[in-house]
Amino acid sequence: MAVKVPNSGKEAGVLMRCDQCSMSLPGGCTFRGICGKDPDLNSLQEALIYGIKGTAAYYYHAYELGYKDDEIGFFLSKALYSTLTNVNFDKNRFLELILENGRIHLKAMELLDKAYTETYGNPEPVKVPTGTEEGHGILVTGHTYRALYELLKQIREMGLEDQIRVYTHSEMLPAHSYPEFRKFKSLYGNWGGSWVYQRKEFTEFPGAILGTSNCVQQPPKSYADRMFTTDIAGLEGVPHLENDYEPLIKRALETPKMEKRDDGYIVTGFHHTNVLPLMDKLIELINEGKIRHVFVIGGCDVPNPKMSYYEKLTAMVPEDAIILSAACGKFRYNRRDYGEIEGIPRFMDFGQCNNVYSIIQIAGALAKELDVGLNELPVSIVLSWMEQKAIGILYSLLYLGIKGIYIGPKAPEFFTPNVFETLRKKFDLRLISEPEEDLKRMLNSTTAVSEDSPLLD
């Protein structure tokens, strides 16, 4: 890996801050470590650490459902160990570890998909109400399906299914598409959008609230007395529950009843098990020119003005193109009616961020079956990122040999200019610019996939 170290730390600015060992200078080493670490090596180490944080999140959710994989666990240990002081100063090997992280991250998403489908059934497209039903309310946010399932079960066991309505928030929305969840009468609809608007939406929700994983924020007084956490989530001064949700249920019964209010619906539940059977039809429409392009537009929502890019881009996508999406950024554009192309929905929501695994399965099928070369796939990938799970997904796409990916709303700060430039050259990694310019470029170009890509296995 060709990484050029700046000639002068003072001229380049502060490119690192390392304080992980006793040799660190006061305030941390900022231009070069006492151990000999330079800013680009530090950048690669941090990039690896952030990637395995994302992998750990998916592996955790699979593990809590009883699904384990020794290779994933070993790699997490190996990757962390490699970043200890005086272990590895080889930048090329760290780039290899980052790509290996991509492989392991893909394996973790596959394992989690297996855990979810074998536990709750294969997802099916479903219309989820965004209004309210009469009764006391509980709002569940985060990513942990196990916690939602246990809550619904306890409501049933307490004989309260006619009194309490449970609503999903943000990344919990796709739970409605799993058959095992639809068996519960108390699960009704979805409230609000992504975590970005959480404080406003939770203040407006009159019932009790449960945070199950990341994407929770410290609550203001407006709902602090109605907030609970469980599983991996925790908030200062907020009651934490472990498998017993009776305090949450009782608090919900103390809150005002919600009235019935119709407010449309959101469609979710697309998955490779229900889209791959449509592949012959999809290939036919692409070959006939009736579907000109496939856009993969998804990722995290972020409180950044540049996120308007994704709202504008999805609105501008031509009617002879389809959009595959996942994760919470979609709440900026998933309420539109995109219509269909001869029975193929123009907008497909695959669910949580980990459900990018399903989109990858579909991309692999397209790469194998389309009558075009690997440098001519009519696909564009546009990602938004906020945290480490999205970084792990990016590494998986790079591991798969996919080039020309657009990322936003900004470049990761943990990449030094040298490291980002190396990734840009090696993988044609692109930052978003203006939606009009990028869309024109996407429609007039194609996505390249390396000939040895695991997508083709």
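On a predicted model such as this, the values are computed, not experimentally measured, just so you know.
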query = Gln352 side chain to His143 main-chain N or O, any donor-acceptor pair under 3.5 Å?
reply = yes
query = Atom CG in Leu139, atom CE in Met227: separation rounded to 0.5 Å?
reply = 8.5 Å
request  = With the side chain counted from C-beta on, respond yes when Glu150 and Lys153 share a heavy-atom pair under 4.5 Å apart, and no when they do not.
outcome  = yes
key: Any side-chain heavy-atom pair of Tyr116 and Asn354 under 4.5 Å   = yes
ask   = So, Tyr145 versus Tyr178, ring centres under 6.0 angstrom or not?
value = yes
key: Check: Tyr223 and Phe205 side chains under 4.5 Å, non-hydrogen atoms   = no
inquiry  = Can you confirm whether Asp337 is buried at CG, in the sense that more than 12 heavy atoms of other residues, nucleotides or ligands lie under 6.0 Å from that atom?
reply    = no
Rounded distance (nearest 0.5 Å) linking atom CD of Glu434 with atom CG of Leu439 = 12.5 Å
task = Please check if the side chain of Thr144 supplies one atom and the backbone of Thr212 the other of a donor-acceptor pair under 3.5 Å.
result = yes
inquiry  = With ring pair (Phe, Tyr, Trp, His ring centres under 6.0 Å) as the test, pick out the partner of His169 among Phe202, Trp191, Trp195.
reply    = Phe202
message = Minimum heavy-atom separation for Leu455 and Ile360, please, with both atom names.
response = CD2-O, 3.6 Å
task = For the residue pair Val238 and Pro219, establish whether any side-chain heavy-atom pair is separated by less than 4.5 Å.
result = yes
ask   = Is it true that a side-chain atom of Glu387 and a backbone atom of Lys389 form a donor plus acceptor pair closer than 3.5 Å?
value = yes
Min side-chain heavy-atom separation Leu377-Val294 under 4.5 Å = no
task = Determine the minimum heavy-atom distance between Gly51 and Tyr395, stating which atoms define it.
result = CA-CE1, 3.7 Å
query = Is there a donor in the side chain of Tyr406 and an acceptor in the side chain of Arg430, or the other way round, less than 3.5 Å apart?
reply = yes
ask   = Between Arg182 and Ser177, is there a donor-acceptor pair closer than 3.5 Å when you use the side chain of the first and the backbone of the second?
value = yes
inquiry  = Tell me the closest heavy-atom pair linking Asn243 and Arg146, and the distance in Å.
reply    = OD1-NH1, 3.2 Å
task = Give, for atom CD1 of Ile432 and atom CG of Leu383, the distance between the pair rounded to the nearest 0.5 Å.
result = 10.5 Å
message = Looking at Asp301 and Ala327, would you say the former's side chain and the latter's main chain have a donor-acceptor pair under 3.5 Å?
response = no
query = So, the side chain of Gln163 versus the backbone of Gly135: is there a donor-acceptor pair under 3.5 Å, distance only?
reply = no
task = For Ser358 and His271, indicate whether the former's side chain and the latter's backbone hold a donor-acceptor pair under 3.5 Å.
result = no
query = Are Tyr120 and Tyr149 an aromatic pair by the rule of ring centers under 6.0 Å?
reply = yes
inquiry  = For the backbone of Gln217 and the side chain of Gln198, can you confirm whether one donor and one acceptor N or O come within less than 3.5 Å of each other?
reply    = yes
message = Any heavy-atom pair between the side chains of Met109 and Ser396 that's under 4.5 Å?
response = yes
key: Pair Tyr63 + His61: ring centers closer than 6.0 Å   = no
task = Determine, stepwise, if the pair Phe427 / Leu397 fulfils side chain to side chain contact (heavy atoms under 4.5 Å, CB included).
result = CA-CA 10 Å; Phe427 299 105; Leu397 296 175; over 6 Å; no
task = List the steps and the verdict of salt bridge (Lys or Arg N to Asp or Glu O under 4.0 Å) for Arg103 and Glu100.
result = CA-CA 5 Å; Arg103 183 182 74 82; Glu100 180 70 359; 2.7 Å; yes
message = Does the plane of the ring in Tyr188 sit parallel, tilted or perpendicular to the ring in Tyr167? Use 30° and 60° as the thresholds.
response = perpendicular
query = Would you find more than 12 non-hydrogen atoms of other residues, nucleotides or ligands less than 6.0 Å from Glu319 atom CD?
reply = no
task = Could you tell me which non-hydrogen atom of Arg346 sits nearest to which non-hydrogen atom of Ala321, and how far apart they are?
result = NE-O, 2.8 Å
message = Set out, in order, the CA-CA distance, both residues' side-chain angles and the distance that settles side-chain hydrogen bond (donor to acceptor under 3.5 Å, both in side chains) for Tyr60 and Asp231, then state yes or no.
response = CA-CA 11 Å; Tyr60 173 88; Asp231 205 74; 3.1 Å; yes
ask   = Once you round to the nearest 0.5 Å, how far does CD of Glu340 lie from CD of Glu342?
value = 10.5 Å
key: Sidechain N-carboxylate O distance under 4.0 Å for Arg332, Glu311   = yes
inquiry  = side-chain hydrogen bond (donor to acceptor under 3.5 Å, both in side chains) for His240 and Thr230? Distances and angles first, verdict last.
reply    = CA-CA 5 Å; His240 187 78; Thr230 190; 5.3 Å; no
key: Pair Lys440-Glu436, salt bridge (Lys or Arg N to Asp or Glu O under 4.0 Å): steps then yes or no   = CA-CA 6 Å; Lys440 183 177 180 180; Glu436 296 85 358; over 6 Å; no
key: Residues, nucleotides or ligands: over 12 heavy atoms within 6.0 Å of Asp70 CG   = no
key: Chi angles and distances behind the salt bridge (Lys or Arg N to Asp or Glu O under 4.0 Å) call for Glu180, Lys183   = CA-CA 6 Å; Glu180 287 301 309; Lys183 293 180 180 179; 2.8 Å; yes
ask   = Is the CZ atom of Phe420 crowded by more than 12 outside heavy atoms at less than 6.0 Å?
value = yes
request  = Report yes or no: does Thr117 contribute a side-chain atom to a donor-acceptor pair with the main-chain N or O of Asp113 at less than 3.5 Å?
outcome  = yes
task = Quick one: do Asn190 and Thr168 satisfy side-chain hydrogen bond (donor to acceptor under 3.5 Å, both in side chains)? Show the steps, please.
result = CA-CA 5 Å; Asn190 189 78; Thr168 55; 2.8 Å; yes
ask   = Would you say the ring centroid of His105 lies under 6.0 angstrom from that of Tyr58?
value = yes
task = Look at the side chain of Thr132 and the backbone N and O of Met258, then say whether any donor-acceptor pair between them is shorter than 3.5 Å.
result = no
query = Are side-chain N/O atoms of Asp349 and Ser325 paired as donor and acceptor at under 3.5 Å?
reply = no
task = Could you give me the CA-CA distance, side-chain angles and deciding distance for Glu134 and Lys260, then say whether salt bridge (Lys or Arg N to Asp or Glu O under 4.0 Å) is met?
result = CA-CA 5 Å; Glu134 183 178 351; Lys260 183 175 179 60; over 6 Å; no
message = Working to the nearest 0.5 angstrom, can you tell me the gap between Asp428 CG and Leu423 CG?
response = 12.0 Å
request  = Please name the pair of heavy atoms, one in Ile341 and one in Leu285, separated by the smallest distance, quoted to 0.1 Å.
outcome  = O-CD1, 3.6 Å
ask   = Is the shortest heavy-atom distance from the side chain of Tyr59 to the side chain of Lys68 under 4.5 Å?
value = yes
query = Between Tyr50 and Phe414, is the ring centre distance below 6.0 Å?
reply = yes
key: Gap separating the OG1 atom of Thr416 from the CD atom of Glu46, nearest 0.5 angstrom   = 10.0 Å
ask   = Near Arg261 CZ, under 6.0 Å, is it more than 12 heavy atoms from other residues, nucleotides or ligands?
value = yes
request  = Go through the steps for Asp40 and Asn418 under the test side-chain hydrogen bond (donor to acceptor under 3.5 Å, both in side chains), then give the verdict.
outcome  = CA-CA 7 Å; Asp40 294 318; Asn418 291 333; 3.1 Å; yes
key: Closest approach of Thr141 to Ser170 (non-hydrogen atoms, all atoms of both residues)   = OG1-CB, 4.4 Å
